[in-house]
Amino acid sequence: MTASAPGPADLREECAAGISRYGYFDEQEWLRHAFLAVPREQFVPRRVWLPKAGEDGRYPVLDRDDQPEQWLRAVYRPLTALITQIADGAVRTEDGPTSNSDFTSSISCPAVAVQMLHHLHPQPEDRVLEIGTGTGYSTALLGERVGADRVVTVEIQQALAERAAERLGALGYRPRVVCADGEQGWETGAPYDRLLSTVGVREIPPAWLRQVTPGGLIITPLATPMHCDALAWLRPDGQGGGGGGLIDTVYFMKTLSQRPRKPWRELGWPRWPDWSLTVTSEGSQRLRTRDR
Ligand SMILES: C[S@@+](CC[C@H](N)C(=O)[O-])C[C@H]1O[C@@H](n2cnc3c(N)ncnc32)[C@H](O)[C@@H]1O
């Protein structure tokens, strides 16, 4: 690294300033503190793929040892997720760039990790269930708010769960890291006040609604027919159901058993709504759903 290159703490500050523009730290100062307290670079493997393919159609590999400055800058780019696994490990970073886009694990981009926690709005005494531990980065951010001993995080891949637990432990965070199918939640630790899924679903797993306390909050990416996921919120009603809404557009990999697609109509999506579009001669544009 060159003498003048900014270090991790400088880049973390710069990244926090970038995220501030989205308003996710507004009225949640704890979140800014948490973001500044967690050394994100310690959760990123030495070699990762960038999520944007180059002109050759392949995802480039960044190696911390060969390109330390570029690697560190990528770690702290607000809107860049870094891909840590492709095709469940069948493709290896050692083999260089790849055109395979079957991403199966990543460290979520800083802005989205913060956005999810902003909407989760955990309180200091909350018990939190996280689904999709990945690198453990979001787990550490949660630990900064509620105390890591009040966090259970579930990862379906044993090797990833073990590596995340090591990274977290090295930094003094001791959440319960469970290797299991997160679609089943984790009954032993229930009830939870909050559930954060950092892996997408097409259908909300019923166990989540049972294990989160009535009036608690679930935040999860939900697949939509619009070629993106929606960040969804849901409050369990204590009867196994719940109500909520969609907050923003996000993009996430899907839980292992929900990778295969189901017809949207079976997942409760309405037919494509009938929108009318009017543009005035002054250029003002208005979209409305038509009355039927
Ligand atoms: C986007 S990554 C999580 C990112 C993580 N929050 C981070 O910042 O490092 C999604 C993770 O969910 C895991 N996953 C997929 N299906 C799962 C399931 N059914 N239960 C638990 N984890 C699952 C994947 O192995 C992957 O590591």
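This is a predicted model, so every value here is computed, not measured. Read the numbers this way: they start at 1 and go in the same order the structure lists the ligands and their atoms.
- Scanning all protein heavy atoms for the shortest distance to atom 25 (O) of ligand 1 gives Glu155 OE2, 2.6 Å.
- Atoms of ligand 1 lying under 4.0 Å from any heavy atom of Leu160, numbered from 1 in the order shown and given with element: 25 (O), 27 (O).
- Per-residue contacts place Thr135 under 4.0 angstrom from the following atoms of ligand 1 (heavy atoms of the residue considered): 7 (C), 8 (O), 9 (O).
- A salt bridge links Asp63 with Arg46; the closest basic N to acidic carboxylate O contact falls under 4.0 Å.
- Ring geometry, Phe35 versus Tyr137: the interplanar angle exceeds 60°, so the pair is classed perpendicular (tilted spans 30 to 60°).
- The local environment of CZ in Arg176 is sparse, with at most 12 non-hydrogen atoms from other residues, nucleotides or ligands closer than 6.0 Å.
- Comment: Glu203 engages Lys262 in a salt bridge, judged by a side-chain N to carboxylate O separation of less than 4.0 angstrom.
- Residues Glu41 and Tyr76 have side chains that bring a donor and an acceptor to within less than 3.5 angstrom of each other.
- Protein heavy atom closest to atom 12 (O) of ligand 1, with residue, atom name and distance, is Gly132 CA, 3.4 Å.
- A side-chain donor-acceptor contact under 3.5 Å links Arg32 and Ser20.
- Interatomic distance, Leu142 CG to Asp126 CG, rounded to the nearest 0.5 Å: 10.0 Å.
- Among protein heavy atoms, atom 2 (S) of ligand 1 sits closest to Ser106 O, 3.6 Å.
- Scanning all protein heavy atoms for the shortest distance to atom 14 (N) of ligand 1 gives Ile156 CG2, 3.8 Å.
- At a threshold of 4.5 Å between side-chain heavy atoms, the hydrophobic network of Ile, Leu, Val, Met, Phe, Trp and Tyr places Met253 and Trp49 in one connected group.
- Annotation for ligand 1: atoms under 4.0 Å from non-hydrogen atoms of Thr104 are 24 (C), 25 (O), 26 (C).
- Under a 4.0 angstrom heavy-atom cut-off, Ser108 registers as being in contact with ligand 1.
- Atoms of ligand 1 found under 4.0 Å from any heavy atom of Gln157, numbered from 1 in the order shown, are 25 (O).
- In terms of modelled atom types and a separation under 3.5 Å, the side chain of Arg58 and the main chain of Ala53 share no donor-acceptor contact.
- Inclusion of Leu256 in the set of residues having an N or O under 3.5 Å from an N or O of ligand 1 is warranted.
- Heavy atoms of Ala180 found under 4.0 angstrom from ligand 1 belong exclusively to the backbone.
- Comment: Asp88 engages Arg259 in a salt bridge, judged by a side-chain N to carboxylate O separation of less than 4.0 angstrom.
- The shortest N/O to N/O separation between Tyr137 and ligand 1 does not fall below 3.5 Å.
- Nearest protein heavy-atom neighbour of atom 20 (N) of ligand 1: Gly182 N, 2.7 Å.
- Asp193 and Gln123 share no donor-acceptor pair across their side chains, judged by distance under 3.5 Å alone.
- The single protein non-hydrogen atom nearest to atom 26 (C) of ligand 1 is Ser105 OG, 3.4 Å, given as residue, atom name and distance.
- At least one N or O atom of Asp181, backbone or side chain, sits closer than 3.5 Å to an N or O atom of ligand 1.
- For Phe252, no nitrogen or oxygen atom sits less than 3.5 Å from a nitrogen or oxygen atom of ligand 1, counting backbone and side chain alike.
- The nearest protein atom to atom 6 (N) of ligand 1, hydrogens excluded, is given as Thr198 OG1, 3.0 Å; this is a heavy-atom distance.
- In this structure, atom 15 (C) of ligand 1 lies nearest to the protein heavy atom Val199 CG2, 3.8 Å.
- Within 6.0 Å of the CD atom in Glu94, the count of heavy atoms belonging to other residues, nucleotides or ligands exceeds 12.
- Of the listed options Ile131, Thr133, Val44, Thr133 places a heavy atom closest to atom 5 (C) of ligand 1.
- Neither the backbone nor the side chain of Thr139 comes within 4.0 Å of ligand 1, counting heavy atoms alone.
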